[in-house]
Amino acid sequence: MAKLQLSLWQMLRNGAIDFTGQKQAYNFQFYTIWLSGIIGFIYGYIEKRFLYTFYCIFGTTLFVTVLCLPAWPIWNRNPVDWLEPLPEEKNSKEGSHEKKSSGKGSSKKKDKGH
């Protein structure tokens, strides 16, 4: 249990959400806020108070923020397996070649015949 809580705390501190989780969190946020806006509008229209519409949308926004903003494990079910970086080769020939070709302009200019 303690290990599970530790890994959950590390995941929340890390803040990593995979790409699929980002899309799911966005869709959940988008559709939930829209649905609460429609329900709030209908309820506010019946009660003839726009403030009820605001309460529904604002409350849902706070709720969705608590669910979507932290990196909960539900948003990290499809982590990306990154490739290991290739080791850099250090050759003196490549370093001197890169220095020569990295300049924007060359000191030798071609004559165009003008």
Side-chain angles (χ1 to χ4, degrees):
M1 179 77 175
K3 186 175 182 179
L4 177 66
Q5 290 176 349
L6 182 62
S7 65
L8 174 65
W9 178 250
Q10 287 175 344
M11 186 179 290
L12 290 173
R13 278 188 70 210
N14 188 17
I17 298 176
D18 59 47
F19 296 117
T20 306
Q22 289 177 9
K23 183 164 179 57
Q24 290 172 345
Y26 173 78
N27 288 337
F28 176 72
Q29 173 187 353
F30 182 79
Y31 293 118
T32 305
I33 292 175
W34 264 100
L35 183 65
S36 78
I38 293 169
I39 292 170
F41 179 78
I42 293 169
Y43 182 68
Y45 184 77
I46 291 170
E47 295 293 323
K48 297 189 182 354
R49 295 206 54 193
F50 180 73
L51 188 61
Y52 294 152
T53 304
F54 173 76
Y55 286 157
C56 285
I57 293 173
F58 186 70
T60 303
T61 302
L62 291 178
F63 174 72
V64 167
T65 300
V66 169
L67 288 180
C68 293
L69 190 60
W72 296 109
I74 193 171
W75 306 124
N76 202 14
R77 291 185 178 174
N78 304 306
V80 176
D81 294 328
W82 297 100
L83 298 175
E84 293 295 323
L86 297 175
E88 292 184 20
E89 295 180 14
K90 295 186 178 181
N91 292 338
S92 61
K93 293 179 182 178
E94 289 180 7
S96 63
H97 183 265
E98 289 176 2
K99 288 180 183 176
K100 289 180 182 177
S101 65
S102 66
K104 288 187 177 180
S106 178
S107 59
K108 298 179 183 177
K109 293 186 179 181
K110 293 183 180 180
D111 186 21
K112 293 185 180 181
H114 294 283

> Partners of Tyr43 by ring pair (Phe, Tyr, Trp, His ring centres under 6.0 Å), sequence neighbours excluded?
Replying inline: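 Tyr43: ring pair (Phe, Tyr, Trp, His ring centres under 6.0 Å) contacts with Tyr52.
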>> Going by the rule ring pair (Phe, Tyr, Trp, His ring centres under 6.0 Å), which residues pair with Phe54 if we only count those two or more places apart in sequence or in a different chain?
In response: Phe58
>> Taking Leu69's backbone N and O only, do any of them form a donor-acceptor pair with Trp75's side chain (distance below 3.5 Å, no angle check)?
In response: no
> Judged by atom type as modelled, is there a donor-acceptor pair below 3.5 Å linking the side chain of Thr60 to the main-chain atoms of Ile57?
Replying inline: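 A pair under 3.5 Å: no.
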> Residues in side chain to side chain contact (heavy atoms under 4.5 Å, CB included) with Val66, at least two apart?
Replying inline: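 Checked Val66 against side chain to side chain contact (heavy atoms under 4.5 Å, CB included); zero matches.
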> Mind checking who shares a hydrophobic cluster with Leu83, ILVMFWY linked at side-chain heavy-atom distances under 4.5 Å?
Replying inline: none
>> Going by side-chain hydrogen bond (donor to acceptor under 3.5 Å, both in side chains), name the residues that satisfy it together with Thr53, two or more places apart in sequence or in a different chain.
In response: none
Would a single hydrophobic cluster contain both [Y] and [X], if residues Ile, Leu, Val, Met, Phe, Trp and Tyr are joined by side-chain heavy-atom contacts under 4.5 Å?
| X | Y | result |
| --- | --- | --- |
| Ile74 | Leu67 | yes |
| Val64 | Ile17 | yes |
| Ile38 | Ile46 | yes |
| Phe63 | Trp72 | yes |

> Pairs in or reaching into residues 15-32: which pass side-chain hydrogen bond (donor to acceptor under 3.5 Å, both in side chains), with residues at least two apart or in two chains?
Replying inline: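 Pairs touching residues 15-32 that pass the test: none.
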> Where is the tightest heavy-atom contact between Cys68 and Ala25, given as atom of each residue plus distance?
Replying inline: SG-O, 3.7 Å
> Just how far is it from atom CD1 of Ile33 to atom CZ of Phe28, taken to the nearest 0.5 Å?
Replying inline: 9.0 Å
